[in-house]
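Within every chain, numbering begins at 1; the chains are lettered A, B, ... in the order of the sequence lines, protein sequences first and strands thereafter. Atoms considered below: every heavy atom in the structure, side chains included; atoms not considered: hydrogens, waters and symmetry mates.
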2 protein chains.
Amino acid sequence: MAARKKNSTYTRNEEHIIECDLTYAVNKINGRWKILIISKLESGKMRFGELKKEFPYMTERMLTLQLRAMEQDGLVKRTVYAEIPPRVEYELTEMALAFGPIFKQLSEWGGKYRLPVKATVEGEG
Amino acid sequence: MAARKKNSTYTRNEEHIIECDLTYAVNKINGRWKILIISKLESGKMRFGELKKEFPYMTERMLTLQLRAMEQDGLVKRTVYAEIPPRVEYELTEMALAFGPIFKQLSEWGGKYRLPVKATVEGEG
DNA sequence: TGCGGTACGAACAAACTTGTAAGTAATGGC
DNA sequence: GCCATTACTTACAAGTTTGTTCGTACCGCA
């Protein structure tokens with residue numbers, strides 16, 4: 001995102017990390033917002049402004065940065081229409097769509113383990 | 001990890017995020033090392049020193065921090081034996097083990113999309 | 001000429017994560 | 001007493017991510 005130092009230990013470690021298929025995959029969707037963006041775009045292409053409305057507490061800047069990074073990573077396709085006012089549409093690429101079932105499983109994990117206490121209370125009084 | 005400010009937008013946004021099952025799950029395993037640690041521990045309990053050897057480029061401090069956080073999050077169980085020199089064993093809890101199949105899929109994703117160019121070259125010349 | 005609408009960009013600041021280096025505790029062996 | 005071992009802990013520093021604010025471009029409309 002913001003111009004990395006290329007020789008820091010931090011970056012060197014990252015290089016080790018993305019040698020592993022698993023962590024490579026996770027690295028593609030790290031950050032706070034990418035996963036949410038992919039989730040939203042799963043239902044089809046959306047304009048920048050539409051995405052913005054979906055995440056009221058995410059700033060425009062963050063949305064822009066994430067979308068740019070995702071474009072670079074081949075997760076989203078960006079289509080600009082030469083109109084005034086501008087219109088830009090975002091849609092998922094095949095590789096991003098392939099996250100679908102994984103996200104579903106992660107979501108199920110979250111649903112199951114989020115508040116295990118609550119479940120116990122219901123079951124046991 | 002290191003004493004968060006409780007009223008920053010950063011933290012407030014996080015609270016929004018963990019209301020979603022999907023991002024709650026991802027939040028549990030974020031950071032650079034947790035996923036790798038879970039992967040290693042999937043094959044059974046390990047001592048601190050054994051884990052350390054598995055990740056030569058991860059510092060002791062990072063390993064400690066991650067393990068502590070994971071313990072707090074209920075992902076690992078920590079067993080201390082009152083011996084000298086000390087012996088501490090780590091093992092995954094049920095909720096961490098439940099990540100297994102998900103990690104497998106993520107890994108497959110990584111294997112498939114990591115170097116699509118290479119695959120094309122082989123297939124198409 | 002000034003304003004509204006869209007999708008950004010840039011400068012700056014705050015917060016968080018990660019890495020470096022050194023030190024702790026307790027006991028056994030020399 | 002001094003060193004080795006194991007599993008940490010602390011102080012410090014560097015690096016990265018996230019958030020705030022302001023400003024751009026273009027056209028149509030009043």
Side-chain angles (χ1 to χ4, degrees), chain A residues 1-17 23 26-27 29-37 45-71 76 78-90, chain B residues 1-17 23 26-27 29-37 45-71 76 78-90:
Chain A
M1 316 240 183
R4 279 197 171 172
K5 304 249 169 154
K6 287 300 170 214
N7 293 311
S8 63
T9 308
Y10 186 98
T11 297
R12 256 178 293 135
N13 273 352
E14 184 175 272
E15 279 158 23
H16 283 295
I17 282 171
T23 43
V26 174
N27 213 58
I29 50 172
N30 66 3
R32 176 162 282 188
W33 304 110
K34 283 179 193 163
I35 291 161
L36 287 168
I37 294 170
K45 60 172 65 168
M46 293 176 84
R47 294 184 58 172
F48 183 87
E50 291 177 303
L51 278 169
K52 201 173 78 173
K53 265 176 255 165
E54 291 289 337
F55 308 108
Y57 37 82
M58 171 167 26
T59 60
E60 272 188 60
R61 175 185 145 79
M62 275 299 108
L63 186 52
T64 303
L65 280 178
Q66 301 305 310
L67 287 170
R68 282 278 183 274
M70 292 165 80
E71 194 192 355
V76 301
R78 181 163 169 270
T79 312
V80 184
Y81 296 87
E83 304 172 356
I84 295 294
R87 181 158 67 101
V88 181
E89 284 183 346
Y90 293 91
Chain B
M1 316 246 181
R4 277 198 169 171
K5 304 250 171 153
K6 288 300 169 212
N7 292 312
S8 62
T9 308
Y10 187 98
T11 297
R12 257 178 292 136
N13 274 353
E14 184 176 270
E15 280 158 21
H16 283 296
I17 281 169
T23 43
V26 174
N27 212 58
I29 50 172
N30 67 2
R32 174 162 284 190
W33 304 110
K34 283 179 192 164
I35 291 160
L36 288 168
I37 294 171
K45 60 173 65 170
M46 292 176 85
R47 293 184 58 174
F48 183 86
E50 291 177 303
L51 278 169
K52 201 173 79 172
K53 265 176 255 164
E54 291 289 339
F55 308 108
Y57 37 82
M58 170 166 30
T59 61
E60 271 188 62
R61 174 184 145 80
M62 274 299 110
L63 185 53
T64 304
L65 279 178
Q66 300 305 310
L67 287 169
R68 282 277 184 277
M70 291 166 80
E71 194 193 356
V76 302
R78 182 165 169 266
T79 312
V80 184
Y81 297 88
E83 304 172 358
I84 296 294
R87 181 158 67 98
V88 180
E89 285 184 347
Y90 292 91

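Side-chain nitrogen and oxygen atoms of A/Tyr90 include at least one within less than 4.0 Å of the OP1 or OP2 phosphate oxygen of C/dC8. The side chain of A/Asn13 places no N or O atom within less than 4.0 Å of a non-bridging phosphate oxygen (OP1 or OP2) of C/dT18. Regarding contacts with the backbone of D/dC12, every side-chain N or O of B/Arg61 stays at 4.0 angstrom or more from both OP1 and OP2. Phosphate contact (OP1/OP2 of D/dT16, side-chain N/O of A/Thr11, threshold under 4.0 Å): present. A sub-4.0 Å separation between OP1 or OP2 of D/dT9 and a side-chain N or O of B/Arg68 is present. Look at B/Thr9 and you won't find any side-chain N or O under 4.0 angstrom from OP1 or OP2 of D/dT18. Dashed line: the shortest gap from a side-chain N or O of A/Gln66 to OP1 or OP2 of D/dT17 is not under 4.0 Å. Distances shown here put every side-chain N or O of A/Arg87 at or beyond 4.0 Å from the OP1 or OP2 atom of D/dC27. In this structure, B/Arg12 does not reach the D/dG19 phosphate: none of its side-chain N or O atoms is under 4.0 Å from OP1 or OP2.
Rounded to whole Å, atom C1' of D/dT17 lies 16 Å from atom CG of A/Leu63. Taking atom CD on A/Glu89 and atom P on C/dA7, their separation rounds to 9 Å, with Å as the unit. Protein atom CD1 of B/Ile17 is 13 Å distant from nucleotide atom C1' of D/dG19, rounded to whole Å. Remark: C1' of D/dT18 and CG of B/Asn27 are 14 Å apart, rounded to the nearest angstrom. The interatomic distance linking B/Tyr10 (OH) with D/dT17 (C1') rounds to 6 Å, in whole Å. Atom CD of A/Glu15 is separated from atom C1' of D/dT16 by 15 Å (rounded to the nearest Å). Rounded to whole Å, the distance from CE on A/Met46 to P on C/dA7 is 11 Å. One interatomic measurement links the two molecules: CG of B/Leu65 to P of C/dT20, which rounds to 14 Å at whole-angstrom precision.
Of the candidate nucleotides D/dA7, D/dG19, C/dC8, D/dG19 has the atom nearest to the side chain of A/Met62. Residue A/Trp33 places its side chain closer to D/dT18 than to any other of D/dC8, D/dT18, D/dT5.
DNA chain D is contacted by both A/Met58 and A/Pro85; A/Met58 maps to the nucleotide lying nearer its 5′ end (nearest heavy atom per residue).
By the 6.0 Å and 45° rule, A/Arg32 stacks over the aromatic ring of B/Tyr10.
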- Item | Step-by-step side-chain contact (heavy atoms from CB on, under 4.5 Å) determination, A/Leu51 to A/Phe48 | CA-CA 5 Å; A/Leu51 278 169; A/Phe48 183 87; 5.9 Å; no
- Message: One pair to check against side-chain contact (heavy atoms from CB on, under 4.5 Å): A/Val88 and A/Arg78. What are the steps and the verdict?
- Response: CA-CA 7 Å; A/Val88 181; A/Arg78 181 163 169 270; 3.8 Å; yes
- Task: Begin from the C-alpha positions of B/Thr64 and B/Arg61 and carry the test side-chain contact (heavy atoms from CB on, under 4.5 Å) through to its verdict.
- Result: CA-CA 5 Å; B/Thr64 304; B/Arg61 174 184 145 80; 5.7 Å; no
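A parallel orientation is assigned to the rings of A/Tyr57 and B/His16, their planes being inclined by less than 30° (bins at 30° and 60°).
Counting all heavy atoms, side chain and backbone alike, B/Ile37 lies closest to B/Leu67 at CG2-CD2, 4.0 Å.
Across all strands shown, B/Glu60 has heavy atoms under 4.0 Å from base atoms, whether or not it also approaches the sugar-phosphate.
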